[in-house]
Structure formats: C-alpha cells, structure tokens
Amino acid sequence: MPQPHVVAAPAFLSDMQIATWNINGIKARLPVLLEWLKEANPDICCLQEIKSVNEGFPTQILEDAGYNVAVHGQKAFNGVAILSKRPFDEVSYGLPGDDSDEQSRYLEAVVQLDDTIIRVASIYLPNGNPVDSPKYSYKLAWMDRLIAHAKQLLKLEEPLVLAGDYNVIPQSQDAKRPELWVNDALALPQSRARFRSLLNLGLTDALRAVNTDAGIYTFWDYQAGAWKRDNGIRIDHALLSPQAVDRLEECRIDKHVRGWTKPSDHVPLVVTVSEADNA
DNA sequence: ATGACCTGTTTAACAGGA
C-alpha cells in the first residue's frame, strides 16, 4: 500500500480562504484551474463536477501546486474533490442516509488550523430536472439527507463550511430573469423550502451575510449568449455554522474567470475566515 | 432573429447538464 503523499502545512496563515467551484470536467479545465489557483491562492478549494474516476484525477499535478488532494469521483458524471494546503485530519466520502446512492456528490474533510479545526464539505446537489421525472424526487430526497446530516454536524459546534453547487436559486433576486425559472427544479417552492430549512438549522449563506444586492450570479449558461447578456443565476453557495460565521471576514465571487478562455459555466466563490475568533 | 453550448464518452442524427 503506497503511503499517501502529504504536503506540509504553511508556517503561518493570518486567515483562511475557502473556495468552491463547479469546474465542469477536470480534464477540460485543468489549465484554467491551475491558472486560478495561482491567482487566488486559496487555502482550501472544493471542486464539483470533476467528471472523472479517482484514478483519472490529476492528483500529482495538484500536489505539485502545493495542495493535499481528496477525491470522490465516478465515471463521466458528477464527482467532487477537496484541495487543501494543510493536511487532512479526516476525510469522509459520500452523504449519509442512503447506502444505495451511487452518485459521487459529497465529500467532507477536517483540517487543523492554528487554534481550532475547520470542517469543510464539497457538495454537488442534484439538478433535479425534468421535474416530472425521478430526478426531481431524487433531488428533494438528497436535500432531506443533507438537512439531516447538517443537523448532526451543527451539534459538533465546530467551524463548518458546506460549500458547493446547490443547484438552488434561493430567491427571485438571484436570477437575472426569474420568470424563466418558475417551473424549474432550481427554483420550485419545494427546492427553495429545503434550502431555507438548511438556513433555519442555523447555517448562514456567506454571500448574503456580506452583500444583499440583486444581480450577483455564479453561473452563466454556455448557450444563447448568457454571459454576454449577464443572464446569470446564483446557485453556488457556502453555508456557514455559527462558529464559522464568527470568523467570517469576506465572501466574494471571482466573476472575471467566466470571461477566460475555455471557462467553466460556473465561477469560483471564495469565503475568507480569520484564524482568530471575531465574536 | 425563428438562431446561438459544452463535456465525456459506448465517437453518436448521444446523454446530461442548468
């Protein structure tokens, strides 16, 4: 059994940047991912839709870029990963609650900081369309499992960041053209109610904690000139436990990355938390 | 404009995404 490679922790960090990004295929996106990691230099980066088996993931290349790598992949579709400059204390694969679920959409890891730990999950919540198919009931059931698991995690009273592609447009202000989404799995009342249930457990939408403006998006479709028209939706979110919110410094969306060559249709969202408690 | 994409893959007048 080969020893897993461990990248040494940085000697000093005044704050932590935790990013999430649906990259829509690691094979097609590796150059853009490496470019953005170099530019933004996040401490932790949650990835979704890697569309790769574990063996096909460019672990060595990302380790050479300074990251420890945890991967939960599958063939062709879905797949999540977490990159971390600091070593992983624990990694758990898959969302609890249904042993028959074979889709790789959830990965959770714990990282040691100077004065505490931080628990991070990379989430690729099911799309759910079309809504008259089993895909929508799978989405709602998956969200119910996420609510149940989040409830357990919150009992730990740790700094917790549940970050990823939630495939939920929380409110009409989170879409450029909300009327196009009223009958869509991303915006239907049952989807939105479950997203609100997560918040009602005591989780905070990090972006909304720092900015309540309309017109903030994380996804622009490849089709119909959506990017050119700024026809976007906000579906990538970081939900924080109270202990993480106490350390929240900033939350930003790296919108400019959507304009790069061969981009993902999603852009990175970055949460900055301090190493010291601000409360 | 009635049009307009991208990815991985069983390379297809495909499936799945959002």
Quiz item: 5'-most contact on DNA chain B: A:Lys27 or A:Asp184, nearest heavy atom basis?
Solution: A:Lys27
Quiz item: Quick one: on DNA chain B, does A:Ile26 or A:Trp181 contact a more 5' nucleotide (nearest heavy atom)?
Solution: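 Residue closer to the 5' terminus by nearest nucleotide: A:Ile26.
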Residues [X] and [Y]: side-chain donor-acceptor under 3.5 angstrom:
| X | Y | value |
| --- | --- | --- |
| A:Gln48 | A:Thr20 | yes |
| A:Asn231 | A:Trp220 | no |
| A:Ser104 | A:Tyr93 | no |

With 3.5 Å as the limit, what N/O pairs link the protein to nucleotides 12-17 of chain B?
residue : atom : partner  : partner atom : Å
B:dG17  : OP2  : A:Lys135 : NZ           : 3.0

Looking only at atom [atom1], what distance separates [N] and [M], rounded to whole Å?
| N | M | atom1 | answer |
| --- | --- | --- | --- |
| B:dT9 | B:dC14 | C1' | 9 Å |
| B:dC6 | B:dA18 | P | 16 Å |
| B:dT10 | B:dG16 | C1' | 15 Å |
| B:dA12 | B:dT7 | C1' | 14 Å |
| B:dA15 | B:dT11 | P | 13 Å |

Exercise. Describe the nucleic acid contact of A:Gly225 in one word from base, sugar-phosphate, nothing, applying a heavy-atom distance below 4.0 Å.
Key: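 A:Gly225: no heavy atom of the nucleic acid under 4.0 Å.
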Short N-O contact, [X] and [Y], less than 4.0 angstrom:
| X | Y | result |
| --- | --- | --- |
| A:Arg229 | A:Asp221 | no |
| A:Arg247 | A:Asp115 | yes |
| A:Asp43 | A:Arg86 | no |

Self-check item: Chi-based syn or anti call at B:dA13, which uses purine or pyrimidine torsion atoms and a 90° bound
Solution: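 Because its glycosidic torsion lies within 90° of 0, B:dA13 adopts the syn conformation.
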Exercise. Taking side chain to side chain contact (heavy atoms under 4.5 Å, CB included) as the test, write out the residues that go with A:Pro242, two or more places apart.
Key: A:Leu154
Quiz item: Hey, which of A:Val168, A:Asn127, A:Leu125 is the one that makes side-chain contact (heavy atoms from CB on, under 4.5 Å) with A:Leu186?
Solution: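 So, applying the side-chain contact (heavy atoms from CB on, under 4.5 Å) to A:Leu186 and each of A:Val168, A:Asn127, A:Leu125, only A:Asn127 qualifies.
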Exercise. Name the closest nucleotide to the A:Arg29 side chain, picking from B:dT9, B:dA18, B:dT7.
Key: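 Selected nucleotide (nearest to the side chain): B:dT7.
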Quiz item: Between A:Lys228 and B:dA4, is there a side-chain N or O to OP1/OP2 distance below 4.0 Å?
Solution: no
Write down the distance between [atom1] ([X]) and [atom2] ([N]), rounded to a whole number of angstrom.
| X | N | atom1 | atom2 | result |
| --- | --- | --- | --- | --- |
| A:Phe219 | B:dT7 | CZ | P | 13 Å |
| A:Gln48 | B:dT7 | CD | C1' | 16 Å |
| A:Arg229 | B:dG3 | CZ | C1' | 10 Å |

Self-check item: Sub-4.0 Å heavy-atom contacts from residues 256-264 of chain A onto DNA chain B, ordered by number
Solution: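 By residue number: A:Lys262.
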Exercise. Verify the ring-centre separation between A:Trp21 and A:Trp36: is it less than 6.0 angstrom?
Key: yes
Practice problem: Just name whichever nucleotide pairs with B:dA13, Watson-Crick or G-U, keeping both distances under 3.5 Å, else none. | Solution: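 Looking at the geometry, B:dA13 pairs with no nucleotide.
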Exercise. For residues A:Val120 and A:Cys46, determine if any side-chain heavy atom of one lies less than 4.5 Å from a side-chain heavy atom of the other.
Key: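 Heavy-atom side-chain distance check passes, below 4.5 Å.
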